[in-house]
Undergrad: 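Just passing along the structure, written as C-alpha cells.
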Amino acid sequence: MTQDELKKATARAAVDYIAPKLDADSIVGVGTGSTANFFIDYLAEIKGQFDGTVASSDASAERLRSHGIPVYDLNSVDGIQCYVDGADEANPALQLIKGGGAALTREKIVAAVSSEFVCIADESKWVPLLGDFPLPVEVIPMARSLVARELVKLGGDPVYRQGVTTDNGNVILDVHNLKITEPKALEEAINNITGVVTNGIFALRPADILLLGTTSGVKTFT
Ligand code: 5RP
C-alpha cells in the first residue's frame, strides 16, 4: 500500500470511530495536513449527523466549507466532542510532534478544548522516541534570533522555515537534533522561552487514541 492509501485508511477509520458518538449538537474539531484532508473528505459523507466543526487552520476551514460543512469560530461553541488530526511523530504514550504544516498553535488550542483527541497517522509516524522529526516552534517574528539562541542552549539546532508565515502571522523555527527523552518537561521549557507562542510537542495534552494505518490494517492504540 502507498502512504496515501494508509492515510486514507486511517482517515476512514476515524470517521467510523466518531460517527456513533455524534448527535445534532456535536462539534467536531478538525486538524490540518494531508491525512486531515482525507478525513475532511470522508467527514462530508456524514455531514448531516452533527452540527459543525472548528478548524485548526484556514486551509482546513476552506476545505470543510467547500464540502458544505459549517465551520465555527472556537469562541462561539461550548465545547468540542472530538478532535481528529494527524501527526508528524507519535510515541507509545501517544505523545506527538506536530506542526509540519505550521498549524501547531491552533491545533494545540483545539486539542485543549476537545473532550477526545483522535490522532490519525500512517505507520511511518510511529517512533519509540520523539525527535527525529525537527520540532516546529512558532515564534513572534521580532523574537526569532532570541528564541533561536535559547533553543541552542537546550541542545537543539534551530532552522528558520523560510517563506512561511503562520495563520497567526508568526514564523516557524524547526529544531533539529533534539533528544526528547522527557517530552512534558521539554514542552514546558520551550514554551517558557520569551517570544515562543507554542511548540509542536503534544505531551501535556497527548492524543487519547491513535488510529495507525499499517500495511496489515488500521491498528488502535489507547
Ligand atoms: C500540521 C500538522 C500535521 O498534522 C502533520 O504535519 C502531519 O501532516 P500529514 O498528515 O500531511 O502527514 O501537525 O501542522
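These values consider heavy atoms only, across backbone and side chains, with no hydrogens, waters or symmetry-generated copies. For ligands, and for the atoms within them, numbers begin at 1 and follow the listed sequence.
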Undergrad: Residue-level breakdown please: for Ala87 versus ligand 1, do any non-hydrogen atoms fall below 4.0 Å on the side chain, on the backbone, on both, or on neither?
TA: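 The backbone, only.
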Undergrad: Please state which protein non-hydrogen atom is closest to atom 6 (O) of ligand 1 and give its distance, to 0.1 Å?
TA: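 Its nearest protein heavy-atom neighbour is Asp88 OD1, 2.7 Å.
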Undergrad: Any atoms of ligand 1 less than 4.0 Å from a non-hydrogen atom of Gly100? List them with their elements.
TA: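 Answer for ligand 1: 6 (O), 13 (O), 14 (O).
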Undergrad: How far is atom 10 (O) of ligand 1 from its nearest protein heavy atom, and which residue and atom name does that atom have?
TA: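 The protein heavy atom lying closest is Thr35 OG1, 2.5 Å.
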Undergrad: Between Asp85 and ligand 1, find which residue part has any heavy-atom pair under 4.0 Å and reply side chain, backbone, both or neither.
TA: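 Answer for Asp85: side chain.
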Undergrad: Between Phe39 and Ala11, which heavy-atom pair has the shortest distance, and what is it?
TA: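 Reported closest heavy-atom pair: N-CB, 3.5 Å.
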Undergrad: Taking 4.0 angstrom as the limit and counting only heavy atoms of Gly33, give me the atoms of ligand 1 inside it, by number and element.
TA: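 Those qualifying, in numeric order: 11 (O).
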Undergrad: Any idea which part of Ala102 is under 4.0 Å from ligand 1, heavy-atom wise: side chain, backbone, both or neither?
TA: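 Looking at Ala102 and ligand 1, just backbone atoms fall under 4.0 Å.
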Undergrad: Using every non-hydrogen atom in the two residues, find where Ile69 and Ile40 come nearest and quote the distance to one decimal.
TA: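 Of all heavy-atom pairs spanning Ile69 and Ile40, the closest is CD1-O, 4.3 Å.
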Undergrad: Under 3.5 Å, side chain of Thr53 to main-chain N/O of Ala55, donor-acceptor pair present?
TA: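 No, Thr53 side chain to Ala55 backbone: no donor-acceptor pair under 3.5 Å.
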Undergrad: Are Val28 and Leu211 linked, directly or through other ILVMFWY residues, by side chains that come within less than 4.5 angstrom of each other?
TA: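 Looking at the clustering, Leu211 is in the same group as Val28.
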Undergrad: Looking at Glu150 and Lys153, is any side-chain nitrogen of the basic one under 4.0 Å from a carboxylate oxygen of the acidic one?
TA: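 Salt bridge flag = yes for Glu150 with Lys153.
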Undergrad: Check for me, please, whether Val147 and Ile140 land in the same ILVMFWY cluster - side-chain distances under 4.5 Å, paths through other members count.
TA: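 Not linked; separate clusters.
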Undergrad: Under a 4.0 angstrom heavy-atom cut-off, which atoms of ligand 1 come close to Thr32?
TA: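 With Thr32 as reference, the close atoms of ligand 1 come out as 1 (C), 2 (C), 3 (C), 4 (O).
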Undergrad: What protein heavy atom lies closest to atom 2 (C) of ligand 1? Include the residue and the distance to one decimal.
TA: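 For atom 2 (C) of ligand 1, the nearest protein heavy atom comes out as Glu107 OE2, 3.3 Å.
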Undergrad: In the protein, what heavy atom is nearest to atom 9 (P) of ligand 1, and what distance, to one decimal place, separates them?
TA: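 For atom 9 (P) of ligand 1, the nearest protein heavy atom comes out as Ser34 OG, 3.3 Å.
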Undergrad: Which of these, Lys98, Lys7, Glu89, has its nearest heavy atom closest to atom 4 (O) of ligand 1?
TA: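 Looking at heavy atoms only, Lys98 sits closest to atom 4 (O) of ligand 1.
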Undergrad: Are Arg106 and Asp58 close enough for a salt bridge, meaning some N to O gap below 4.0 Å?
TA: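 Result for this pair is yes, salt bridge flagged.
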Undergrad: Between Arg12 and Glu45, is there a side-chain N and carboxylate O pair less than 4.0 Å apart?
TA: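 Answer for the salt bridge query: yes.
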Undergrad: Can you list the steps and then say if Ser26 with Asp23 is a side-chain hydrogen bond (donor to acceptor under 3.5 Å, both in side chains)?
TA: CA-CA 5 Å; Ser26 297; Asp23 61 33; 3.2 Å; yes
Undergrad: Considering all heavy atoms of both residues, which atom of Leu173 and which atom of Ala148 are nearest to each other, and what is their separation?
TA: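 Leu173 and Ala148 have their closest heavy atoms at CD1-N, 3.9 Å.
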Undergrad: Before signing off on this row, confirm whether Gly99 and ligand 1 have an N or O atom pair separated by under 3.5 Å.
TA: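 Checking ligand 1 against Gly99, an N or O pair does fall under 3.5 Å apart.
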Undergrad: If you measure from each heavy atom of Gly31 to ligand 1, is any distance below 4.0 Å?
TA: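 No, Gly31 has no heavy atoms under 4.0 Å from ligand 1.
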Undergrad: I'd like to check which ligand 1 atoms, numbered from 1 as shown, lie under 4.0 Å from a non-hydrogen atom of Gly86.
TA: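 Answer, ordered by atom number: 4 (O).
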Undergrad: Which residue supplies the protein heavy atom nearest to atom 12 (O) of ligand 1, what is that atom called, and how far is it?
TA: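 I find the closest protein heavy atom is Lys125 NZ, 2.7 Å.
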Undergrad: Does Ala103, backbone or side chain, put an N or O under 3.5 Å from an N or O of ligand 1?
TA: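 Looking only at distances, the answer is yes, because the N/O contact criterion of under 3.5 Å is met.
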